[in-house]
Amino acid sequence: MAPSAQPTLDTSPQVSDEIRQTTCYMCACRCGINVHMKDGKVKYIEGNKDHPVNKGVLCAKGSAGIMQHYSPARLQAPMKRVGERGAGEFETISWEEAFEIATGLLAPIRENAPEKLAFFTGRDQSQSMTGWWAQAYGTPNYAAHGGFCSVNMATAGIYTMGGAFWEFGAPDWERAKLFMIFGVAEDHDSNPIKMGMGRLKERGAKIIGVNPIRTGYNAIADEWVGITPGTDGLFILALIHELLKAGKIDLEYLQRYTNAPYLVNSDPKSPEFGLFLRDKNDKPLVLNRKTGKPVAFDKPNVKADMAGTYKLKGISHRPVFQILAEKYLTDAHAPEAVAEQTGISAERIKRIAVELAHVAFEEEITIDQPWTDWKGEKHDKMIGRPVAFHAMRGISAHSNGFQTCRALHLLQILLGSVEVPGGFRFKPTYPKPVEAHPKPHCKVTPGAPLNGPHLGYVRGPEDLCLADDGSAVRIDKAFTWENPMSAHGLMHMVISNAHAGDPYKIDTLFMYMANMSWNSSMNSTKVMDMLTDKDANGNYVIPNIIYSDAYSSEMVAFADLILPDTTYLERHDCISLLDRPICEADALADSIRWPVVEPDRDVRCFQSVLIELGARLGLPGMVNEDGSAKFEDYADYIQNHERRPGVGPLAGFRGKDGKGKGRGEPNPNQIQAYIDNGGFWIDHIPKEAAFFKPWNKAYQDWAVERGIYDAPQPYLFQLYVEPLRKFQLAAEGHGDIQPPDRLREQIKATMDPLPIWYKPFEENIVDLEEFPLHALTQRPAAMYHSWGSQNAWLRQIHGTNPLYVSGDIFAEHGFSDGDWAWLTSRHGKIKVPVVKMDALNAKTVWTWNAIGKRSGAWALDEKAPEAQKGFLLNHLISELLPPKEDGMRWSNSDPITGQAAWFDLRVKIERADAGDQTAQPHTKPQKSPVGRGPKNISYGEEF
Amino acid sequence: MTALPNSTDKKLGLVIDLDTCVGCHACVISCKEWNTSNYGAPLSDMDAYGAEPDGTFLNRVHTFEAKAPEKPAQIVHFPKSCLHCEDAPCVTVCPTGASYKRTEDGIVLVNEADCMGCGLCAWACPYGAREMDKAEGVMKKCTLCVDRIYNENIPEEDRVPSCVKTCPAGARHFGDFADPESNVSILSAARGGIALMEDQGTKPVNRYLPPRPKADVTGTSQIDIPNPFLEPTPQKAGGFLGWLDNALEKI
Amino acid sequence: MHPAPSVIIFTSLSGLGFGLLAWLGFGYPNVTGMTAFIFFFIAYALAVGGLISSTFHLGTPKNAIKAFSQWRTSWLSREGVMSIVSLLVIAVYAIGVIFFNQRWQIFGWLGSVFSLITIYTTSMIYGQMKTVPRWYMGLTPVLFLLYSLAGGALLAAQVLPAALLLVALTIVQYFSWHIGDGAFKQAGHTIETATGLGNLGKVRLLESPHSSPNYLMKEMVHVVGRKHAQKLRMIAIVLLGMVPALILLLAPANHMLVGVAVLSHLIGLFAARWLFFAEAEHVVGLYYDKR
Ligand SMILES: Nc1nc2c(c(=O)[nH]1)N[C@H]1C(S)=C(S)[C@@H](COP(=O)(O)OP(=O)(O)OC[C@H]3O[C@@H](n4cnc5c(=O)[nH]c(N)nc54)[C@H](O)[C@@H]3O)O[C@H]1N2
Ligand SMILES: Nc1nc2c(c(=O)[nH]1)N[C@H]1C(S)=C(S)[C@@H](COP(=O)(O)OP(=O)(O)OC[C@H]3O[C@@H](n4cnc5c(=O)[nH]c(N)nc54)[C@H](O)[C@@H]3O)O[C@H]1N2
Ligand code: SF4
Ligand code: SF4
Ligand code: SF4
Ligand code: SF4
Ligand code: SF4
Ligand SMILES: [Mo]
């Protein structure tokens with residue numbers, strides 16, 4: 001047959017009948033998606049190329065959305081538990097019965113003791129709404145998952161510079177020439193980081209990856225720094241030491257935009273030692289170089305001095321910068337002093353410092369764009385230092401994480417590379433100084449709302465959430481002396497504290513979207529015991545558990561009442577500026593989800609359920625005067641709720657005419673306007689306002705116009721964080737509000753107003769000879785925590801997770817691939833398969849996070865590899881530190897923010913008999929309330 | 001039909017940049033998704049929720065570790081799909097004529113209506129680019145998204161393979177290697193694109209851009225810095241504070 | 001390569017069948033009538049049975065008919081065509097000797113030559129696979145032809161030729177193992193050349209593309225233990241040629257023993273054929289760091 005007999009192909013088949021544009025929720029990155037519909041069914045999901053977050057790209061999870069949407073693990077209807085907790089035996093009930101059970105529990109609690117409800121909402125993207133509900137209900141016990149996630153990063157960023165990496169800012173991908181990325185495997189900004197790194201590569205910019213493990217982003221970095229876990233603070237402070245020593249810092253930037261010139265009380269005997277010198281308007285003072293006299297920091301046309309001593313009433317005051325320079329110029333911070341601990345040679349630290357300095361100062365970039373600063377001074381161009389940084393949980397999830405994150409911000413600021421071209425840029429609604437955030441509120445009045453928002457930023461001891469006797473008001477002990485700046489709460493402590501009745505017992509645990517019996521808890525085995533534990537009378541120690549999930553997760557088995565949620569393609573949602581925005585550095589943006597398909601099961605959008613529950617409970621804001629429900633459902637709330645007059649959940653298309661940006665009356669067609677616009681709204685920042693945002697008049701005015709704040713909020717970066725010092729001062733015995741004695745030393749040692757490094761707590765506790773190794777987890781790009789395993793496509797990529805062991809240790813123990821090992825921590829012991837890896841810090845072992853599954857969960861076969869060979873490190877991590885002399889329960893968290901210290905874990909490894917090749921511990925299977933998935937599938941058959 | 005065309009008008013194919021690929025598997029799943037509901041039979045998953053799931057994929061990403069003595073080891077993520085070889089052995093072995101290489105653009109395809117599922121073409125492919133679908137019993141392979149790249153129902157700028165469109169890092173490029181001026185030809189020439197297993201005589205069209213040298217392995221920085229640059233501040237009178245005073249004066 | 005039973009049975013039996021047909025077509029043994037029928041029946045049963053068995057591993061057998069179309073390029077297609085042609089041509093000869101006591105010798109000779117060509121085409125299905133260096137060598141067709149001729153001779157009760165061919169087969173089999181063992185290395189394929197990453201150092205697979213196994217690994221990457229293979233080789237080489245050859249040389253008249261020789265050869269044949277597949281390393285294994 002001749003080649004001309006080549007079959008004729010239809011190369012232009014109809015892709016779909018219709019495209020519906022909404023927002024992905026296969027993870028929290030919130031990319032825009034085009035959902036192709038054929039015959040009323042979802043056929044193909046691709047990235048929306050107009051969308052600000054992903055610009056058309058999509059990750060593996062996003063593309064696998066179809067399989068999630070059709071997952072056999074989807075819950076089908078409300079259920080109440082009929083068997084023992086943990087067994088997974090349920091009876092299907094109606095929504096009416098579900099509401100009756102829920103109100104039956106919640107109404108009396110609200111009338112008598114609202115704090116007996118603990119409402120925690122996990123991986124929530126509607127925190128402004130769930131928080132509002134919790135506030136109206138009146139319990140102080142509300143938070144989302146930030147406490148075990150990355151609160152160190154968020155808090156250090158906010159206190160230092162009014163915004164954090166996380167999703168609140170981004171490197172200037174288009175202009176940076178040198179990019180350093182610390183401790184990131186995947187990030188919340190999954191796609192944008194990949195896109196950004198791709199852009200850097202295209203432009204030939206240099207990438208330095210600082211990470212004990214060389215996978216993913218670190219694999220493509222031009223230079224890999226395989227740092228010893230927990231020592232980044234030392235490394236960063238050594239870089240700072242070098243830069244200071246050589247004078248390679250941006251003095252003008254420091255002088256203008258930071259509190260480097262603030263005068264600090266330097267008299268150790270003064271009760272105000274370490275606090276700023278202020279004028280009678282409470283404004284911090286700086287030294288005027290010309291006159292040698294102190295003036296308010298914001299006085300125009302003053303050149304402030306950065307060294308010198310100012311004496312007032314016999315008390316000497318010195319500028320922040322001088323204190324800072326003296327601190328970091330000591331030999332203790334020299335590269336030679338930290339080389340061994342960090343595992344990075346002194347020469348290399350010096351060379352990296354040279355590269356940073358060179359690119360920042362010799363490769364300076366300028367944009368010909370005049371702008372005016374907050375003091376009214378005009379600048380004819382924008383000067384940029386093209387070194388950019390990014391970091392995430394690798395530096396955040398340690399007990400020294402807050403200070404390490406602070407150290408990194410200090411480095412950025414010393415180089416003058418924040419909010420400048422080529423550096424790190426904030427995404428609106430950030431930057432926002434601490435002062436623009438609420439303080440925490442915890443005043444409980446039975447039958448009435450809480451006195452204000454739960455979460456916030458404390459400015460000093462007076463803002464802590466303490467009862468009169470000094471005990472914690474909140475069940476998670478957030479905002480106490482143990483972790484004063486716990487701005488996101490401590491979700492990881494809720495079950496453990498509730499079980500221990502410390503600080504008190506609760507009645508009902510109400511949770512949403514958090515697999516707390518499994519991968520989001522430390523100490524998973526014991527947590528399951530706590531959830532099933534009964535008192536002497538045979539009643540559960542935690543009496544009632546209500547849980548909303550969309551899938552048959554591990555946590556479902558432990559709840560008494562299940563409120564089944566819709567999948568992300570079946571519901572309304574809003575990704576609001578009141579929450580974690582999807583903005584870009586150059587634009588304000590928010591977005592929605594909407595039901596591109598209707599649910600085919602008896603399930604409801606959780607937020608709608610919450611609104612109905614609120615109405616049934618008669619919560620203020622959720623009912624009309626006549627007691628009828630104020631909002632029909634979540635969609636109604638999204639369109640009509642106003643947080644402040646003219647400001648609501650969605651910023652776009654406001655007002656009756658749909659033309660309002662940021663501000664305006666509710667628009668009854670707002671959601672439709674979003675749908676017509678591709679599921680999102682975007683509003684670009686004027687060029688003049690694009691950089692120097694905290695100090696840029698044009699930006700400040702624009703932000704007020706858009707409703708980001710009600711008045712301009714210019715502020716300076718806080719190299720020296722005074723609130724930290726206030727806690728230290730209290731610990732030193734000053735002031736009325738005093739910490740318990742047992743915590744004094746810890747507060748003094750850790751809450752330094754200038755970044756410091758101290759050993760991760762675990763290292764003081766365990767015998768380092770006995771537990772010589774660091775054990776870490778990383779997010780796999782193609783799996784989202786626990787919820788990807790139900791996905792037939794993704795689970796083929798990550799169905800098991802070996803422990804990767806560094807070559808040296810592998811050889812030392814005589815392992816070969818396919819062997820098994822016992823991994824032991826101070827707290828527990830697990831059996832795992834091992835694989836050798838050389839591109840790894842020699843003292844480190846690691847595995848992919850959350851691949852191990854409980855047998856019977858997620859509608860998988862009980863013999864699924866996830867349950868046989870897959871494992872969690874969580875069993876090895878205790879939520880508590882070992883009891884100290886005082887016998888008190890100390891949480892395994894950062895002492896400043898309460899951030900769970902996942903990565904402090906120390907272990908030892910030993911060969912294990914492969915035996916039946918199953919990972920240990922093996923939790924007893926749970927029954928599946930949704931049956932098992934089908935045997936073979938051919939998705940796409942019907943098209 | 002299993003005779004290879006003497007030449008093809010275009011040589012469409014991919015450039016895969018190993019220096020940029022972060023191993024995210026986005027291309028793997030996007031490919032699976034597009035191809036399960038478009039060209040030919042759906043890509044099945046056997047025992048999808050069971051103990052041994054085993055599905056058909058047209059693109060898979062391997063992760064390699066490379067180590068030279070006394071140097072830190074490196075990781076390379078390595079996506080692999082059909083390379084649309086000019087001398088495609090998978091085509092000539094096919095007894096039914098189901099496998100063929102298109103004369104107009106060089107895309108190697110399986111005409112599933114003719115395939116008897118003997119598996120021989122998969123044996124003949126050195127790269128593991130063909131997978132037999134267990135449910136359908138026909139051979140599946142990368143189609144270079146032939147039903148996207150010419151598809152008039154898709155906006156013009158999106159007429160690229162699904163994997164290329166989706167790749168977050170921009171590590172995949174699509175174009176015509178027959179045209180020396182095309183994006184892929186230029187990129188491949190500039191970065192020393194390599195063909196895989198050339199000694200197999202398959203003449204692959206796709207090219208892989210090798211990872212750039214790493215500073216921690218080669219001991220050289222990419223940033224060119226005159227030495228000495230990071231001298232301590234001029235140790236004039238007053239040391240650091242003296243320098244500071246001077247420097248502030250200049251602002 | 002995955003040693004699929006259907007393929008082992010197919011190549012073994014059809015090889016024997018066509019080998020026997022080749023002898024019969026040349027007139028060895030010179031039989032007619034019922035005896036001829038029995039001989040031809042066995043030969044056809046083996047050849048056709050083998051061919052039928054080969055369809056068991058097809059994903060879509062209904063398209064098997066199309067396999068005759070690509071004889072210009074495809075060895076598998078050629079094999080299909082040649083086997084049908086051989087079977088048809090020799091059928092004419094068989095009909096002659098069975099029913100008409102006639103030797104239409106031209107059909108016999110042609111059929112025999114075609115049968116040998118069929119065997120050659122079968123061998124080239126494997127021998128052409130550059131991806132499997134152990135197969136990609138001149139010895140592969142020689143080996144296949146020897147297998148068929150020796151086995152055919154054995155079945156055709158051609159004592160001396162069988163004995164000699166069996167000895168030759170044993171020797172060639174030994175050498176093809178010996179050469180085959182070095183073939184992969186000889187071909188120069190390594191994980192470094194396969195990935196093009198050799199300039200970075202020694203390459204190893206850190207993470208498989210999927211944690212679950214896939215078609216490629218199941219089909220192309222079969223790892224046999226060295227010890228196990230050595231044992232099987234010993235068994236194969238003894239049973240395949242040595243035992244039958246000895247029996248033929250020492251007790252050619254003992255039907256019982258000749259039966260044992262045939263059985264021994266069959267077992268040896270299956271063992272060797274299992275090894276032929278199981279030991280064959282496909283270059284794709286390099287990407288999985290397994291061979
Ligand atoms: N060892 C170790 N443990 C860790 C970490 C680590 O690095 N190492 N990381 C920690 C961090 S940062 C985090 S954030 C946590 C995350 O851990 P979790 O917060 O538990 O997150 P997921 O496993 O994603 O699951 C949340 C639950 O949400 C459910 N869900 C999914 N979609 C929906 C929906 O649409 N509606 C509803 N109602 N429910 C839904 C899922 O079924 C699942 O049960 O893990 C923590 N645990
Ligand atoms: N695909 C996918 N994306 C996700 C998630 C997911 O489950 N899957 N989860 C989302 C969530 S909830 C979160 S919080 C983010 C988290 O995103 P990441 O911050 O990227 O979180 P991890 O995967 O925990 O990665 C931590 C990294 O820090 C490194 N590391 C650990 N200790 C140290 C150290 O001491 N120093 C340094 N320099 N590095 C260290 C680890 O090796 C690892 O690479 O990802 C989000 N995005
Ligand atoms: S990163 Fe992936 S999973 Fe997350 S929202 Fe974007 S496309 Fe969806
Ligand atoms: S999508 Fe791009 S970056 Fe991700 S694995 Fe594929 S080629 Fe690599
Ligand atoms: S890569 Fe394999 S399947 Fe693709 S054309 Fe080349 S030989 Fe054929
Ligand atoms: S499996 Fe199909 S395409 Fe491949 S060689 Fe056989 S018939 Fe041809
Ligand atoms: S070109 Fe199309 S078929 Fe080929 S790997 Fe990419 S997405 Fe898959
Ligand atoms: Mo997280």
Side-chain angles (χ1 to χ4, degrees), chain B residues 1-3 18 28 52-57 60-69 71 73-76 78 80 89 91-98 113-120 122-128 131-134 136-139 194 196-197 199-201 208 210-211 217, chain C residues 1 54-55 57-80 125 128-132 187-189 191-210 212-216 218-220 282-284 287-289:
Chain B
M1 254 311 305
T2 56
L18 299 180
V28 174
E52 265 197 62
D54 176 359
T56 314
F57 287 79
R60 294 179 186 256
V61 179
H62 299 237
T63 304
F64 296 108
E65 185 177 68
K67 178 151 173 44
K71 303 269 182 185
Q74 304 180 57
I75 303 287
V76 181
F78 198 97
K80 199 156 52 57
V91 170
T92 49
V93 298
C94 176
T96 62
D114 285 351
C115 173
M116 66 176 186
C118 65
L120 206 59
W123 289 14
C125 170
Y127 312 106
E131 300 194 11
M132 180 96 77
D133 189 82
K134 299 224 178 52
E136 210 66 28
V138 295
M139 191 54 71
I194 61 162
L196 296 186
M197 281 207 259
D199 40 6
Q200 281 278 327
Y208 284 78
V217 178
Chain C
M1 304 291 291
S54 77
T55 62
H57 86 285
L58 295 183
T60 310
K62 73 171 169 42
N63 282 345
I65 190 76
K66 297 182 178 164
F68 298 108
S69 65
Q70 303 301 313
W71 50 270
R72 279 201 192 85
T73 46
S74 162
W75 283 106
L76 179 51
S77 187
R78 287 171 192 156
E79 189 221 31
I125 296 174
Q128 69 174 334
M129 288 290 165
K130 234 180 157 176
T131 50
V132 184
H189 301 301
I191 186 168
E192 286 80 18
T193 64
T195 57
L197 297 174
N199 61 322
L200 304 183
K202 180 84 203 80
V203 178
R204 52 189 283 272
L205 183 79
L206 181 69
E207 204 169 17
S208 201
H210 288 46
S212 58
N214 62 35
Y215 165 76
L216 296 166
K218 289 179 184 170
E219 180 76 9
M220 252 66 91
H282 195 287
V283 294
V284 78
Y287 292 106
Y288 290 88
D289 212 351

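Quick note on labels: first sequence line is chain A, next is B, and so on, each numbered from 1.
Taking C/Glu192, C/Lys202, C/Arg78, C/His57 one by one and counting their heavy-atom pairs under 4.5 Å with chain B, the maximum is reached by C/Lys202. Looking only at heavy-atom pairs under 4.5 Å with chain B, the residue among C/Asp289, C/Val203, C/Leu200, C/Ile65 that has the most is C/Leu200. Of the residues considered (B/Val138, B/Ile194, B/Asp199), B/Asp199 shows the highest number of contacts with chain C, using heavy-atom pairs under 4.5 Å. For the set C/Leu58, C/Val283, C/Thr55, the count of heavy-atom pairs under 4.5 angstrom toward chain B peaks at C/Leu58. Between chain C and the residues B/Pro89, B/Ala73, B/Cys115, the most heavy-atom pairs under 4.5 angstrom are made by B/Cys115. Counting heavy-atom pairs closer than 4.5 Å to chain C, the top residue among B/Gln200, B/Lys67, B/Glu52 is B/Gln200. Counting heavy-atom pairs closer than 4.5 Å to chain B, the top residue among C/Leu206, C/Thr131, C/Val284 is C/Thr131.
Taking the ring-ring contact (aromatic ring centres under 6.0 Å, His included) definition, one finds that C/His282 meets it with nothing, sequence neighbours left out. Partners of B/Phe64 by ring-ring contact (aromatic ring centres under 6.0 Å, His included), not counting sequence neighbours, listed by chain and number: B/His62, B/Phe78.
In this structure, chain C has a heavy atom under 4.5 Å from the side chain of B/Gln74, while its backbone stays farther away. In this structure, chain B has a heavy atom under 4.5 Å from the side chain of C/Glu219, while its backbone stays farther away. Only the side chain of C/Ile191 comes within less than 4.5 Å of a heavy atom of chain B; its backbone N, CA, C and O stay farther away. Looking at B/Lys80, the atoms closer than 4.5 Å to chain C (heavy atoms on both sides) all sit in the side chain, from C-beta outward. Contacts between C/Gln128 and chain B at a heavy-atom distance below 4.5 Å involve the side chain alone, from C-beta outward. Of the atoms belonging to B/Pro210, not a single heavy atom falls under 4.5 Å from chain C. Heavy-atom distances place the side chain of C/Lys218, and not its backbone, under 4.5 Å from chain B.
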Stepwise side-chain contact (heavy atoms from CB on, under 4.5 Å) test for C/His189 and B/Met197: CA-CA 8 Å; C/His189 301 301; B/Met197 281 207 259; 4.1 Å; yes

Chi angles and distances behind the side-chain contact (heavy atoms from CB on, under 4.5 Å) call for C/Gln70, B/Asp114: CA-CA 12 Å; C/Gln70 303 301 313; B/Asp114 285 351; over 6 Å; no

Verdict with supporting geometry, C/Met129 and B/Leu120, side-chain contact (heavy atoms from CB on, under 4.5 Å): CA-CA 9 Å; C/Met129 288 290 165; B/Leu120 206 59; 3.7 Å; yes

Stepwise side-chain contact (heavy atoms from CB on, under 4.5 Å) check, C/His210 with B/Val28: CA-CA 10 Å; C/His210 288 46; B/Val28 174; 4.0 Å; yes

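Scanning all heavy atoms of the two residues, the minimum distance from C/Tyr287 to B/Leu196 falls at OH-CD1, 3.7 Å. In terms of heavy-atom proximity, C/Tyr215 sits nearest to B/Ala122 at OH-CB, 3.7 Å. The two atoms that bring C/Leu197 and B/Pro211 nearest to each other are CD2-CD, 3.9 Å, heavy atoms only. Nearest heavy atom pair, residue B/Ala113 against residue C/Lys66, reads O-NZ, 3.0 Å. Here the closest non-hydrogen pair linking B/Pro95 and C/Ser69 is O-OG, 3.6 Å. Among all heavy-atom pairs drawn from B/Asp54 and C/Asn214, the shortest one is OD1-CA, 3.7 Å.
Side-chain contact between C/Thr195 and B/Val76 is absent, with no heavy atoms from C-beta onward closer than 4.5 Å.
Summarising the geometry, atom CD belonging to C/Glu207 is positioned 9.5 Å from atom CD1 belonging to B/Ile75; distances are rounded to the nearest 0.5 Å.
A donor-acceptor pair is defined here as one N or O able to donate and one able to accept, closer than 3.5 Å; such a pair exists between the side chain of C/Ser212 and the backbone of B/Pro53. Although no hydrogens or angles enter the test, the distance criterion places a donor-acceptor pair under 3.5 Å between the side chain of C/Thr60 and the main chain of B/Gly137. When atom types are taken as modelled, the side chain of B/Glu131 and the backbone of C/Leu216 share no donor-acceptor pair closer than 3.5 angstrom.
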